[in-house]
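One structure below.
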There are 2 protein chains.
Amino acid sequence: MSSRSHGNASAEAVQRGAVYQMKAEFFRVLGHPVRVRILELLRDGERTVGDLQHELQMDSSGTSQHLGVLRKHGILEGRREGTSVYYTVRDPRIFQLLEVARQILTSSLIESQAVLGELTTRN
Amino acid sequence: MSSRSHGNASAEAVQRGAVYQMKAEFFRVLGHPVRVRILELLRDGERTVGDLQHELQMDSSGTSQHLGVLRKHGILEGRREGTSVYYTVRDPRIFQLLEVARQILTSSLIESQAVLGELTTRN
DNA sequence: CAGTAGTCTTAGAAAGCAATAAGGCAACGC
DNA sequence: GCGTTGCCTTATTGCTTTCTAAGACTACTG
């Protein structure tokens, strides 16, 4: 069986479904405060696990688990040097993604603040 | 108490935590295949619930629930007209976000295909 | 070689999320 | 008014994710 799609409508539907599944999984990986924070910490370059652990105020196990999730999905990459492991973000467009998300959230917050302002000044 | 932060370090830490929490929640909302699909369907303009329901091949309840999640987080907006409700994406930058995500996933897939190719040709 | 620091893995408990099913509410047509 | 259509809500049950704790592995250090 070829992986190319031609003619089989339901197979194509399944493949289309798989694409949405992948995208959703990707977002779900970003959907944890600790992991978002890790990515932002890695914006300025690589960091060791211990370093991140300290910044996150989290124990070794938790830090490692979240790094593991990000690594398993190909978002992070680890490089061992002695006893330390240095992590980096593999695709810098991740930062672009975070930036767009920040913009969306910011204007959404500004909007709701404006609404709040109207409420408090008029009533 | 002012919402402005000055002097209280732990309060600032809490606020910083809240920001990561918000970003993570935002991504988690996008982290479901049906919701990703809904957003892509809304790329070309507004749609009624029944319309979406038909495209998603999903019952009224499920469709409504996912739309509800997106609406509650300010991503979608609903407008009633007769018995139908038309939904739209509030911030078009959402599409930019989806596009960046698509690019990241695409090159990640190409990379792994290249690795797969090396494996199969060499061994 | 024994001890230590750094990282990762696993298992089990707790929490959160999603699918289904059942019912409710609002607007329209007869 | 009565029934119908379209949409939303709630409750339940099952699944997935996350947290905590314990231990294991690897690479350095004396």
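Per chain, numbering begins at 1; letters A, B, ... match sequence-line order.
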Quiz: residues 97-105 of chain A side-chain donor-acceptor pairs under 3.5 angstrom, not counting sequence neighbours:
{"residue": "A/E99", "atom": "OE1", "partner": "A/R102", "partner atom": "NE", "Å": "3.2"}
{"residue": "A/E99", "atom": "OE2", "partner": "A/R102", "partner atom": "NH2", "Å": "2.9"}
{"residue": "A/E99", "atom": "OE2", "partner": "A/Q103", "partner atom": "NE2", "Å": "3.1"}

ask   = Axis-to-axis angle across the helix from C/dC1-D/dG30 to C/dC30-D/dG1, five pairs an end, to 10 degrees?
value = 10°
Residues 45-52 of chain B side chain polar contacts: donor-acceptor under 3.5 Å, at least two apart:
{"residue": "B/E46", "atom": "OE1", "partner": "B/R79", "partner atom": "NE", "Å": "3.4"}
{"residue": "B/E46", "atom": "OE1", "partner": "B/R79", "partner atom": "NH2", "Å": "3.3"}
{"residue": "B/E46", "atom": "OE2", "partner": "B/R79", "partner atom": "NH2", "Å": "2.6"}
{"residue": "B/R47", "atom": "NH1", "partner": "B/D51", "partner atom": "OD1", "Å": "3.3"}
{"residue": "B/R47", "atom": "NH1", "partner": "B/D51", "partner atom": "OD2", "Å": "3.3"}
{"residue": "B/R47", "atom": "NH1", "partner": "B/E55", "partner atom": "OE2", "Å": "2.8"}
{"residue": "B/R47", "atom": "NH2", "partner": "B/E55", "partner atom": "OE2", "Å": "3.4"}
{"residue": "B/T48", "atom": "OG1", "partner": "B/D51", "partner atom": "N", "Å": "3.1"}

key: Residues which pass ring pair (Phe, Tyr, Trp, His ring centres under 6.0 Å) with B/H73, listed by chain and number, not counting sequence neighbours   = none
remark   = Expected string for nucleotides 16-21 of chain C under the B/S/- scheme (protein heavy atoms, under 4.0 Å, primed atoms plus P, OP1, OP2 as sugar-phosphate) is -SSSBB
inquiry  = Tell me every residue that passes side chain to side chain contact (heavy atoms under 4.5 Å, CB included) with B/D59, counting only those two or more places apart in sequence or in another chain.
reply    = B/S61
message = According to salt bridge (charged side-chain N to carboxylate O under 4.0 Å, His left out), does anything in residues 63-73 of chain A pair up with another residue at least two apart or in another chain? List the pairs.
response = none
message = At 4.0 Å (heavy atoms only), tell me whether B/S84 reaches a base, stays on the sugar-phosphate, or touches nothing.
response = sugar-phosphate
ask   = What is the distance, rounded to the nearest whole Å, between atom CZ of A/R71 and atom P of C/dT7?
value = 12 Å
task = Grab the CG-C1' distance between B/L76 and D/dC8 for me, whole Å please.
result = 15 Å
Could you list the protein-to-nucleotides 24-26 of chain C atom pairs, N/O on both sides, closer than 3.5 Å?
none

ask   = Which residues, if any, of residues 45-52 of chain A bring a heavy atom under 4.0 Å of DNA chain C?
value = A/T48, A/V49, A/G50
task = With sequence neighbours excluded, give me every ring-ring contact (aromatic ring centres under 6.0 Å, His included) pair touching residues 27-68 of chain B.
result = B/H32-B/H66
message = Tell me every residue that passes side-chain hydrogen bond (donor to acceptor under 3.5 Å, both in side chains) with A/E40, counting only those two or more places apart in sequence or in another chain.
response = B/Y20, B/K23
task = Write out all pairs satisfying ring-ring contact (aromatic ring centres under 6.0 Å, His included) with one or both partners inside residues 74-98 of chain A, taking only residues at least two apart or from two chains.
result = none
query = What integer distance in Å separates B/H54:NE2 from D/dG6:C1'?
reply = 15 Å
query = How is B/Y87 classified with respect to the nucleic acid when contacts are heavy atoms under 4.0 Å: base, sugar-phosphate, or nothing?
reply = sugar-phosphate
